[in-house]
Amino acid sequence: MLLELIDGHRVVFFGGKGGVGKTTLASATAATLARRGRRVLLVSTDPAHNLGHLWDTRIGDRVTDLDAGLAAVEIDPAATTAAHLARVEGTMHEMMPRHLHAEASRHLRLAAGSPGTHEAAILERIARIVDVSVAEYDHVIVDTAPSGHTARLMALPEMMAAWTDGLLGRRAKAEKLAEAADALGPASRRDRDLLGARGATGTSTDPVHRRNDRLREILEERRRLFGRFRDTLTDPGTCSFVIVLTAERMPVLETVELHAELTGTGVAVAACVVNRRSPRNQGEFLAARAALEDGFVRLLGTRLPDLPVIELPLLPGEAASRAALTALGEQL
Ligand SMILES: Nc1ncnc2c1ncn2[C@@H]1O[C@H](COP(=O)(O)OP(=O)(O)O)[C@@H](O)[C@H]1O
Ligand SMILES: [Mg+2]
């Protein structure tokens with residue numbers, strides 16, 4: 001049923017608490033779609049990568065073939081943040097006179113430790129992967145990290161786009177002022193330069209103007225990237241989110257919360273998967289667990305009556321082999 005629900009979706013996110021089965025189910029989904037002839041890219045954003053472990057292959061931060069039609073990449077958060085900051089540093093240095101470079105770099109080193117920087121870096125990486133992969137793959141399946149920030153991550157493209165718009169808007173204003181300054185004649189050229197914008201006639205070789213043009217290009221490229229990503233995330237025919245949980249009180253309540261946050265940012269939730277359901281026919285103890293779980297599945301149904309729910313059984317062993325993934329995939 002899950003596979004039908006996400007059938008035409010180019011980008012599918014799996015999210016939920018740690019340990020509920022996100023990596024297992026993202027892998028089982030990807031493997032099953034690939035077996036059905038789709039080209040699938042599996043992306044892990046979890047710093048504690050276990051995709052490689054699950055597939056018994058070293059994957060790492062480059063696209064690696066796992067099977068016919070199936071490739072995977074494990075985003076390295078530390079390397080991604082470092083590369084992101086190096087790009088930002090490059091941009092800042094282009095913006096600033098040389099004597100301020102050391103100071104700018106010092107600030108960036110401080111920013112490197114902040115969680116917002118980390119999220120922005122991962123998000124930009126996902127956006128870039130999705131951007132180049134949608135043409136090459138039928139599905140990009142993203143196994144997200146078990147953080148409470150997933151929903152905020154989904155809202156970030158809009159924030160980044162708005163932020164970039166603000167900067168571009170300020171630049172446009174500066175250019176209008178510069179045009180006005182130009183019209184007043186050469187005496188005001190110094191003012192125009194102070195505004196840091198190019199004049200109406202400007203095919204200038206002035207380094208300030210070149211720097212500004214370069215900066216505008218960088219901002220516009222990022223603006224377009226986040227705009228496209230935002231469009232992808234909020235198109236229910238293209239992208240959806242699958243929430244994975246176990247049939248316990250806290251995961252159910254957190255699922256309700258995550259669902260509200262996601263739909264609030266315009267991201268469609270295709271389904272939720274209640275994983276590791278206890279068997280009813282394996283003794284009293286497990287039957288009692290199963291009855292308890294029934295109550296929590298009912299609670300989920302009461303809170304989110306329109307959301308499709310897929311239930312998967314607790315397997316006797318770890319779901320950590322290709323055979324186990326195939327078996328799980330067939331039940332999805
Ligand atoms: N249906 C299941 N039955 C038994 N074990 C499962 C099942 N689904 C997942 N597991 C096991 O649970 C553990 C956590 O799963 P994992 O997919 O890594 O969770 P997450 O990515 O959400 O942290 C793994 O050891 C996995 O093999
Ligand atoms: Mg995982």
Side-chain angles (χ1 to χ4, degrees), residues 1-3 12-33 40-61 64 66 70 72-77 80 122 125-126 140-151 153 241-248 250-255 257-259 262 269-283 285-286 289-290 292-294 296-297 300 309-332:
M1 180 162 118
L2 180 70
L3 298 179
V12 182
F13 287 86
F14 280 76
K17 277 172 85 79
V20 291
K22 293 180 299 296
T23 303
T24 306
L25 297 179
S27 292
T29 303
T32 309
L33 287 169
V40 185
L41 179 66
L42 186 54
V43 181
S44 166
T45 65
D46 188 344
H49 293 302
N50 36 20
L51 218 54
H53 175 70
L54 187 56
W55 287 92
D56 210 13
T57 311
R58 247 185 72 84
I59 298 177
D61 203 334
T64 305
L66 291 181
L70 180 60
V73 57
E74 291 176 332
I75 295 177
D76 177 340
T80 299
I122 299 283
R125 187 73 197 286
I126 299 175
V140 178
I141 309 272
V142 187
D143 171 22
T144 68
S147 78
H149 303 309
T150 315
L153 200 71
F241 205 100
V242 177
I243 304 177
V244 184
L245 73 157
T246 47
E248 293 162 292
M250 284 316 289
V252 166
L253 297 180
E254 285 179 28
T255 297
E257 214 168 281
L258 179 58
H259 180 274
L262 288 167
V269 180
C272 64
V273 180
V274 181
N275 192 20
R276 290 214 209 93
R277 289 284 270 127
S278 301
R280 292 164 208 288
N281 57 359
Q282 299 290 326
F285 176 82
L286 286 171
R289 289 279 332 159
L292 190 69
E293 291 167 8
D294 286 344
F296 293 125
V297 174
L300 184 67
V309 176
I310 292 121
E311 298 182 58
L312 290 179
L314 175 71
L315 299 175
E318 256 203 330
S321 65
R322 290 187 185 213
L325 288 183
T326 307
L328 268 182
E330 292 308 325
Q331 299 186 51
L332 283 171

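Counting begins at 1 with the first residue of the sequence. Note that ligands are numbered from 1 as they come in the structure, with each ligand's atoms numbered from 1 the same way.
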Is the shortest N/O to N/O distance between [X] and ligand 1 below 3.5 Å?
X      : result
Ala319 : yes
Pro313 : yes
Gly19  : yes
Leu314 : no
Thr23  : yes
Leu315 : yes

**OP:** Look at ligand 1 and say whether Ala324 reaches it with a heavy atom at a distance under 4.0 Å.
**Re:** no
Subject >> Heavy atom of Val20, distance to ligand 1 below 4.0 Å >> reply: yes
Heavy-atom closest pair, residues [X] and [Y]:
X      : Y      : answer
Arg276 : Gly19  : NH2-O, 2.6 Å
Ala290 : Pro279 : CB-O, 4.1 Å
Leu54  : Ala319 : CD1-O, 3.5 Å

Would you say the side-chain atoms of [X] pair up with the backbone N or O of [Y], donor to acceptor, closer than 3.5 Å?
X      : Y      : answer
Thr144 : Phe14  : yes
Lys22  : Gly16  : yes
Glu293 : Ser278 : yes

Subject >> Closest candidate by heavy atom, reference atom 12 (O) of ligand 1, pool Glu318, Arg276, Lys17 >> reply: Arg276
Original post:
In Å, rounded to the nearest 0.5 Å, how long is the span from CD of Gln331 to CD1 of Ile310?
Top reply: 11.5 Å
Original post:
Rounded to the nearest 0.5 Å, how far does CG of Leu42 lie from CD of Glu74?
Top reply: 9.0 Å
**OP:** Find out whether Trp55 and Thr64 are in side-chain contact, i.e. whether some heavy atom of one side chain is under 4.5 Å from a heavy atom of the other.
**Re:** no
Original post:
Does Thr24 bring an N, O or S atom to within less than 2.8 Å of the Mg ion (ligand 2)?
Top reply: no
**OP:** Could you tell me whether Asn275 approaches ligand 1 through its side chain, its backbone, both or neither, with non-hydrogen atoms closer than 4.0 Å?
**Re:** side chain
Subject >> Atoms in ligand 1 with a heavy atom of Lys22 nearer than 4.0 Å >> reply: 17 (O), 19 (O), 20 (P), 21 (O), 22 (O), 23 (O)
Subject >> For Gly317, the ligand 1 atoms whose distance to one of its heavy atoms is below 4.0 Å >> reply: 4 (C), 5 (N)
